[in-house]
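A quick write-up on the structure given underneath.
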There are 2 protein chains.
Amino acid sequence: MHPLRRVRIQPDMDFEKRLEWFRNECAAAGLPCTHQREVLYRALVEAKDHPSPEMLYERVKRKIPSISLGTVYRNIKIFLDHGLIGEVSLHHGSLRLEANNEPHHHLVCRHCRKMFDLPAAGVHAIRLRRALPEGFQVERFVVEAHGLCQECAAPKKRRSN
Amino acid sequence: MHPLRRVRIQPDMDFEKRLEWFRNECAAAGLPCTHQREVLYRALVEAKDHPSPEMLYERVKRKIPSISLGTVYRNIKIFLDHGLIGEVSLHHGSLRLEANNEPHHHLVCRHCRKMFDLPAAGVHAIRLRRALPEGFQVERFVVEAHGLCQECAAPKKRRSN
DNA sequence: ATATGTGCAAAGATTTTGCGACCCT
DNA sequence: AGGGTCGCAAAATCTTTGCACATAT
């Protein structure tokens with residue numbers, strides 16, 4: 001056919017690649033790649049708004065009206081456990097508070113989720129390389145250093161240093 | 001008395017200053033400074049572990065056994081609304097997800113809490129000024145730029161530019 | 001004195017889980 | 001065929017709220 005037609009970019013091309021990756025990851029993890037999981041994963045890839053489980057449920061239901069919210073939650077957890085998707089904050093689920101009003105950042109253990117304060121003076125000022133999108137007015141930068149705390153990093157039986 | 005005695009640092013001195021500030025803030029906001037609020041605020045100042053409402057409830061109950069969890073929640077919300085304390089994450093309350101596995105940071109609107117992605121390339125690498133405490137092993141830095149999005153920054157009636 | 005806060009308990013919101021039927025490999 | 005998943009509904013968490021009484025200024 002017409003050459004111009006053939007090179008036209010497919011909007012779903014990127015998703016097809018991701019889907020292939022997703023299927024490989026599922027196979028590698030021994031996870032059955034069910035229709036529900038594929039549709040849910042697609043909804044996640046296409047979402048640009050960091051959706052909540054409930055929002056995903058609404059979207060997936062348009063494709064699979066019989067799907068249940070429990071399945072959405074179950075699969076989200078499985079995806080997270082296998083690193084197929086990410087969660088925006090490591091501290092959802094319960095409000096966590098602090099009275100420390102000095103500027104500071106946080107160290108967060110990705111395993112036990114304990115948090116430690118990191119005085120702002122310990123981090124060089126954040127500098128942007130390019131303009132922000134969409135007229136967003138930044139008031140402050142909050143840095144979270146994610147990693148493992150001493151306890152969680154230590155092997156179960158520690159032998160020396 | 002003995003001069004050395006008189007300069008000894010009081011462990012609560014810092015808290016006393018903060019309590020005074022707290023009382024002034026309450027007065028300025030027209031908030032009655034009740035016993036429950038003072039004890040709750042003290043628990044927050046003394047906490048070093050970014051406590052949840054439930055954890056605070058347990059601690060405050062040791063001083064005021066009759067206090068209710070509802071009061072703890074109510075006052076936490078009031079403290080937050082008046083900027084007397086801070087919350088660790090702007091996204092508690094509901095899990096928020098993303099399939100974007102490219103390194104990136106987030107812009108978060110402190111008002112409507114919408115999030116926008118900020119490619120990692122848009123931010124200079126984070127550099128630490130000093131060693132981290134306690135053997136913490138950092139794997140990655142996550143930056144949140146907090147501020148106001150275009151919609152929330154705009155005055156209700158926009159006139160020009 | 002009066003407006004506001006408090007304790008209690010019920011309601012609302014969010015997330016997890018047990019169970020029998022069903023689907024991927 | 002068989003282990004894991006699905007839909008459903010109940011349970012477990014986390015948070016908010018209405019009401020009658022108590023408290024701060």
Side-chain angles (χ1 to χ4, degrees), chain A residues 19 22-41 43 50-82 84-85 87-97 113, chain B residues 19-20 22-43 50-82 84-85 87-97 113:
Chain A
L19 181 56
F22 175 77
R23 285 177 172 146
N24 287 338
E25 291 290 318
C26 283
L31 289 174
C33 193
T34 65
H35 183 221
Q36 285 86 340
R37 281 181 184 154
E38 283 196 10
V39 172
L40 181 55
Y41 183 69
H50 309 86
S52 67
E54 190 79 34
M55 291 157 81
L56 285 169
Y57 174 57
E58 291 304 326
R59 292 169 201 184
V60 169
K61 216 162 43 169
R62 295 202 281 260
K63 297 282 181 61
I64 311 176
S66 67
I67 201 170
S68 76
L69 186 54
T71 293
V72 172
Y73 269 101
R74 245 183 316 231
N75 284 322
I76 284 172
K77 180 142 280 190
I78 289 170
F79 291 177
L80 286 172
D81 287 346
H82 289 82
L84 300 174
I85 61 172
E87 56 191 317
V88 161
S89 166
L90 258 24
H91 334 286
H92 65 274
S94 180
L95 187 56
R96 303 298 289 275
L97 305 156
R113 309 224 162 178
Chain B
L19 181 56
E20 195 182 320
F22 175 78
R23 286 176 171 147
N24 287 339
E25 291 291 318
C26 284
L31 289 174
C33 192
T34 64
H35 183 220
Q36 285 87 338
R37 282 179 184 156
E38 284 196 8
V39 172
L40 181 55
Y41 183 69
R42 169 168 224 139
H50 309 85
S52 67
E54 190 81 33
M55 289 156 81
L56 285 169
Y57 174 57
E58 291 305 324
R59 293 169 201 184
V60 168
K61 214 160 47 167
R62 295 203 281 262
K63 298 282 181 61
I64 311 176
S66 67
I67 201 170
S68 75
L69 186 53
T71 294
V72 172
Y73 270 101
R74 247 183 314 233
N75 284 323
I76 283 172
K77 179 142 281 188
I78 289 168
F79 290 178
L80 286 172
D81 287 346
H82 288 82
L84 301 174
I85 61 173
E87 57 191 315
V88 161
S89 166
L90 257 26
H91 334 285
H92 65 274
S94 181
L95 187 55
R96 302 299 288 275
L97 304 157
R113 308 222 164 179

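Nothing here was measured: the structure is a model prediction, and the numbers come from that model. Chain letters run A, B, ... following the sequence lines, proteins first, then strands; residues in each count from 1. Reckoned from all heavy atoms, side chains included, excluding hydrogens, waters and symmetry mates.
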Closest to side chain of [X], choosing from [options]:
X: B/Pro32; options: C/dT4, C/dT15, D/dC6; result: C/dT4
X: B/Ser68; options: D/dT16, C/dC8, D/dA24; result: C/dC8
X: A/Leu95; options: C/dG7, D/dT15, D/dA24; result: D/dT15
X: B/Leu31; options: D/dT17, C/dT15, C/dG5; result: C/dG5

Establish, with yes or no, whether the OP1 or OP2 oxygen of [N] is under 4.0 angstrom from a side-chain nitrogen or oxygen of [X].
X: A/Lys77; N: C/dT15; value: no
X: A/Gln36; N: C/dC23; value: no
X: B/Thr34; N: C/dT6; value: yes

Of the non-hydrogen atoms in B/Arg37 and B/Pro32, which two are nearest, and what is the gap between them?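 What the structure gives for the nearest pair is NH1-O, 2.7 Å.
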If you look at every strand shown and take non-hydrogen atoms under 4.0 Å, does B/Ser52 touch a base, only sugar-phosphate, or nothing?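 No contact at all - B/Ser52 keeps every heavy atom at 4.0 Å or more from the nucleic acid.
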What's the separation between atom [atom1] in [X] and atom [atom2] in [Y], rounded to the nearest 0.5 Å?
X: B/Leu40; Y: B/Phe79; atom1: CG; atom2: CZ; value: 4.5 Å
X: B/Leu56; Y: B/Glu58; atom1: CG; atom2: CD; value: 10.0 Å
X: A/Ser68; Y: A/Tyr73; atom1: OG; atom2: OH; value: 11.5 Å

Roughly how many Å is it from [atom1] in [X] to [atom2] in [N], rounded to a whole number?
X: B/Ile78; N: D/dT15; atom1: CD1; atom2: P; answer: 16 Å
X: B/Leu69; N: C/dT6; atom1: CG; atom2: P; answer: 14 Å
X: B/Asp81; N: C/dG5; atom1: CG; atom2: C1'; answer: 16 Å
X: A/His35; N: C/dT25; atom1: NE2; atom2: P; answer: 13 Å
X: A/Glu87; N: C/dT14; atom1: CD; atom2: C1'; answer: 15 Å
X: A/Leu56; N: C/dT14; atom1: CG; atom2: P; answer: 14 Å
X: B/Ile64; N: D/dT23; atom1: CD1; atom2: P; answer: 12 Å
X: A/Tyr73; N: D/dG7; atom1: OH; atom2: C1'; answer: 16 Å

Starting from the 5' end of DNA chain C, give me the residue, B/Arg37 or A/Glu54, whose nearest nucleotide shows up first.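 Nearest-nucleotide comparison on DNA chain C picks B/Arg37.
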Parallel, tilted or perpendicular: ring planes of B/Phe22 versus B/Tyr41, cut at 30 and 60 degrees: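 If you compare the ring of B/Phe22 with that of B/Tyr41, the planes turn out parallel.
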Residue whose closest nucleotide on DNA chain D lies nearer the 5' end, A/Thr71 versus A/Ser94: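 So the residue in question is A/Thr71.
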N/O donor-acceptor pair, side chain A/Arg74 with base D/dG7, under 3.5 angstrom: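 Looking at the base of D/dG7, it does pair with a donor or acceptor on the side chain of A/Arg74 (distance under 3.5 Å).
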